[in-house]
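Atom set for the values below is all heavy atoms of this structure, side chains included, hydrogens, waters and symmetry mates excluded. Letters A, B, ... are given to chains in the order of the sequence lines, protein chains preceding strands, and every chain is numbered from 1.
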Number of protein chains: 2
Amino acid sequence: MAEKVTAQMVAERAGVSQSAVSRVFTPGASVSARTEKKVREAASALGYRPNVLARAMVSGRSRMIGLVVAYLENQFYPEVLEKLSNALQAEGYHILVFMASQEAGTLDTVVEEILDYQVEGIVLASVSLSSDLASRCQAAGVPVVLFNRSQDIDGISAVTSDNFTGAFQVGQFLLAGEHERIAYLAGWEGASTQRDRQRGFVAALDVAGRRLHAWEDGRFEPSRTADAVRIMFDRSSRPDAVFVAGDQMALIAMDVLRHELGLSVPGDVSVVGFDDVPAASWLSYRLTTVRQQADLMVARCVSTLLRAIETPGAAPERHAIEAPLILRASARIPQGWTQ
Amino acid sequence: MAEKVTAQMVAERAGVSQSAVSRVFTPGASVSARTEKKVREAASALGYRPNVLARAMVSGRSRMIGLVVAYLENQFYPEVLEKLSNALQAEGYHILVFMASQEAGTLDTVVEEILDYQVEGIVLASVSLSSDLASRCQAAGVPVVLFNRSQDIDGISAVTSDNFTGAFQVGQFLLAGEHERIAYLAGWEGASTQRDRQRGFVAALDVAGRRLHAWEDGRFEPSRTADAVRIMFDRSSRPDAVFVAGDQMALIAMDVLRHELGLSVPGDVSVVGFDDVPAASWLSYRLTTVRQQADLMVARCVSTLLRAIETPGAAPERHAIEAPLILRASARIPQGWTQ
DNA sequence: CTGAAAGCGCTAACAA
DNA sequence: TTGTTAGCGCTTTCAG
């Protein structure tokens with residue numbers, strides 16, 4: 001195993017000082033063309049590359065962003081991770097991943113660990129934050145942005161879809177489709193996304209003087225979801241439409257409805273989801289759903305984060321990205337329904 | 001934004017030297033109970049936590065593992081990432097993620113970047129390595145382990161499923177099911193996994209004096225896969241069984257077969273996949289497939305990696321994890337077929 | 001524009 | 001068991 005190549009070694013070979021080497025590899029520094037040339041030659045001859053960690057120590061810039069994720073089973077998150085990583089890589093940052101179990105206590109530990117690595121920022125995907133923890137991050141001067149979750153905590157930015165409006169549209173859509181018994185299959189109640197979707201959906205029914213015909217909680221968990229569907233449809237007047245708070249649950253619901261309960265979707269029941277995960281467009285499902293625009297969300301997340309890093313005093317930003325209804329074949333489409 | 005709490009500050013408050021503080025936070029160091037108590041009190045009063053980066057600089061242990069992934073769309077990888085991250089977290093390591101595009105050039109850049117962060121090891125999931133790059137890692141003293149890919153490069157460890165045997169079983173299974181026209185839908189030809197699966201499958205047919213009735217290449221890409229299926233079945237004597245090199249492709253194949261070509265699975269065609277992604281067990285598919293045992297693969301990957309980190313001179317390890325055939329409903333099950 | 005010098009926060013000998 | 005002393009590899013004043 002060869003020796004580690006240091007700036008010092010490059011300096012000696014190039015016949016300059018070690019700081020000259022540093023300057024060559026520091027974007028806005030002043031170096032003469034001659035020095036630069038000598039240094040670059042020596043550097044590539046030796047295979048030198050700056051040590052990010054050493055640089056971080058003195059400059060305080062680790063070029064790392066901590067990402068906390070909980071549910072990678074939900075296809076939406078891998079997609080986000082991929083896009084986020086790419087966007088950040090383009091800006092010279094890299095992602096340090098931390099998996100959080102759903103238990104509350106874990107998150108605190110995890111965030112502490114993240115801080116130990118001197119990350120420049122933290123993205124919390126699908127998890128919420130205690131205000132206590134939030135202030136520890138602030139104390140450490142590390143900006144936090146919540147992704148797909150929002151919270152009214154001082155100084156915490158958040159990027160979500162416009163869950164309320166997205167769900168509101170679904171309500172209108174189902175109403176326009178002349179459904180008689182409209183149900184809602186909820187996600188985990190602790191999630192702000194779930195709450196906003198429920199509120200938006202109920203609000204739309206409300207406007208029409210209508211109420212939920214049935215409500216069950218699937219908690220975003222597969223087996224819990226299947227049970228919820230069974231319960232919801234095991235009654236004399238079963239729903240003729242269900243809005244499901246997430247695609248992962250909606251796909252399971254369709255499967256149970258069709259293959260276990262022998263119902264036709266959308267013949268007997270219309271199903272609408274939320275997220276638009278890749279599987280939603282598979283031919284077996286063709287799920288009508290509300291799309292979370294991952295690209296836009298990620299872009300906003302990155303810009304928010306970078307701004308916070310660059311401008312320490314910056315006010316927190318809250319963004320709600322438009323979430324359009326995507327018409328496919330799992331729900332009856334009202335006559336003349338546009339967009 | 002509060003000042004950063006250093007070991008020095010803790011030392012002053014506790015009335016001890018800074019190295020005493022360091023020792024308290026270093027597992028096997030010798031400290032008196034009295035000193036430890038004083039330090040811990042001061043530390044928690046101040047909210048002190050050791051700086052991983054500073055520690056890494058002097059000890060050479062960054063507690064970071066670089067992970068390179070290419071296809072997060074394949075559900076198998078998010079699963080692996082989650083398990084890998086959890087296993088590594090349990091050992092005090094964390095994952096620095098790097099996304100690699102499929103282009104060859106990118107990978108080199110990416111691995112260089114990883115090295116800049118002084119990671120202690122690298123896991124390459126579903127990408128191969130140029131021998132040139134491999135030696136750069138060796139030179140840097142950073143062990144590499146390939147995950148779900150294998151290569152005969154000096155000093156590079158690899159963990160895969162036993163793709164050959166897994167695929168071989170599929171061949172036997174389809175043969176026992178008395179299929180007449182057996183086809184193979186390949187993945188990207190550059191992948192060692194794909195090659196081993198094909199070899200294993202063909203070998204099983206060979207033993208019975210049989211040959212592939214049709215062969216197409218889906219490259220592990222959705223649209224390419226759908227086309228491949230159309231081509232494969234648009235002929236007078238269409239296959240009555242297909243082994244597909246990956247579940248992601250197999251699910252698409254089932255959809256095209258059923259919903260576009262109007263064929264019954266397994267009535268008209270038996271379909272068998274490889275991976276056993278979560279969606280394979282969904283009621284709409286019930287895909288018979290070969291399971292990649294992610295838990296075992298990850299555990300092996302971690303132990304291999306840690307051993308290489310601990311024992312710099314260690315010989316590379318190659319592991320092929322058993323991959324059992326999981327019987328579900330997408331392929332005709334031979335009379336009396338066991339296991 | 002360039003070099004010398006002073007650390008960033010910590011661990012690891014080395015004495016005491 | 002403890003404190004003292006060197007640095008790890010780099011950026012960043014500060015003179016020149």
Side-chain angles (χ1 to χ4, degrees), chain A residues 1-40 42-43 46-64 92 115-120 140-142, chain B residues 2-40 42-43 46-64 92 115-120 140-141:
Chain A
M1 149 173 148
E3 287 304 306
K4 200 149 280 182
V5 183
T6 69
Q8 182 57 52
M9 296 166 70
V10 176
E12 271 156 27
R13 189 181 225 270
V16 298
S17 76
Q18 188 267 15
S19 5
V21 177
S22 171
R23 285 189 193 101
V24 170
F25 289 93
T26 305
S30 67
V31 218
S32 70
R34 233 171 67 79
T35 305
E36 165 141 26
K37 184 159 176 288
K38 284 192 297 186
V39 170
R40 289 226 181 273
L46 260 32
Y48 169 77
R49 305 206 106 222
N51 180 328
V52 176
L53 265 39
R55 181 177 276 183
M57 280 232 53
V58 43
S59 70
R61 318 223 46 187
S62 66
R63 316 259 38 164
M64 296 194 285
L115 260 13
D116 296 347
Y117 281 85
Q118 314 299 118
V119 297
E120 291 186 54
V142 178
Chain B
E3 287 305 306
K4 198 150 281 183
V5 184
T6 69
Q8 183 54 52
M9 297 166 69
V10 176
E12 273 157 24
R13 189 180 224 268
V16 298
S17 77
Q18 188 265 17
S19 12
V21 177
S22 172
R23 287 190 192 100
V24 170
F25 289 94
T26 304
S30 67
V31 218
S32 70
R34 233 172 65 80
T35 305
E36 165 141 26
K37 182 158 177 291
K38 283 192 298 184
V39 169
R40 290 226 181 274
L46 260 32
Y48 169 77
R49 306 206 104 220
N51 179 329
V52 176
L53 265 37
R55 180 177 277 184
M57 279 231 55
V58 44
S59 69
R61 318 223 46 188
S62 65
R63 316 259 43 164
M64 296 194 286
L115 260 13
D116 296 347
Y117 282 85
Q118 315 298 118
V119 297
E120 292 186 53

Exercise for the section: Quick one: label A/S30 by what it contacts on the DNA or RNA (base, sugar-phosphate, nothing), any heavy atom closer than 4.0 Å. Expected result: base

By nearest-nucleotide position on DNA chain D, the 5'-leaning member of B/A54 and B/G15 is B/G15

| said: At less than 4.0 Å, is any side-chain N or O atom of A/Y117 found next to OP1 or OP2 of C/dG9? Yes or no. | reply: no

Point to revise | Distance test, side-chain N/O of B/S22 to OP1/OP2 of C/dC10, below 4.0 Å | key: no

| Counting N and O atoms only, with roles assigned by atom type, does the side chain of B/S19 sit under 3.5 Å from a partner on the main chain of B/S22, one being a donor and the other an acceptor? | no

At under 4.0 Å, does any side-chain N or O of B/S59 touch on OP1 or OP2 of C/dC10? no

Practice task
Check whether any side-chain nitrogen or oxygen of B/S17 sits under 4.0 Å from OP1 or OP2 of D/dT4, and answer yes or no.
Solution key: no

d(B/Q118 CD, B/M57 CE) to nearest 0.5 Å is 8.0 Å

By nearest-heavy-atom nucleotide on DNA chain D, the more 5' of B/V58 and B/A33 is B/A33

Atom CG of B/L53 and atom P of D/dG9 are separated, to the nearest Å, by 14 Å

Among the nucleotides C/dA13, C/dG3, D/dG9, whichever has the atom closest to the side chain of A/A20 is C/dG3

With the side chain defined as heavy atoms from C-beta on, A/R55 is closest, among C/dC10, D/dC8, D/dT11, to D/dT11

| Is there a donor on the side chain of A/S19 or the base of C/dA4 sitting less than 3.5 Å from an acceptor on the other? | yes

(message) On the six-membered ring of B/Y48, is B/R40 placed so that its NZ or CZ lies under 6.0 angstrom from the centre and within 45° of the ring axis?
(response) no

Among C/dG9, D/dT11, D/dG9, the one nearest any side-chain atom of A/Q18 is D/dT11

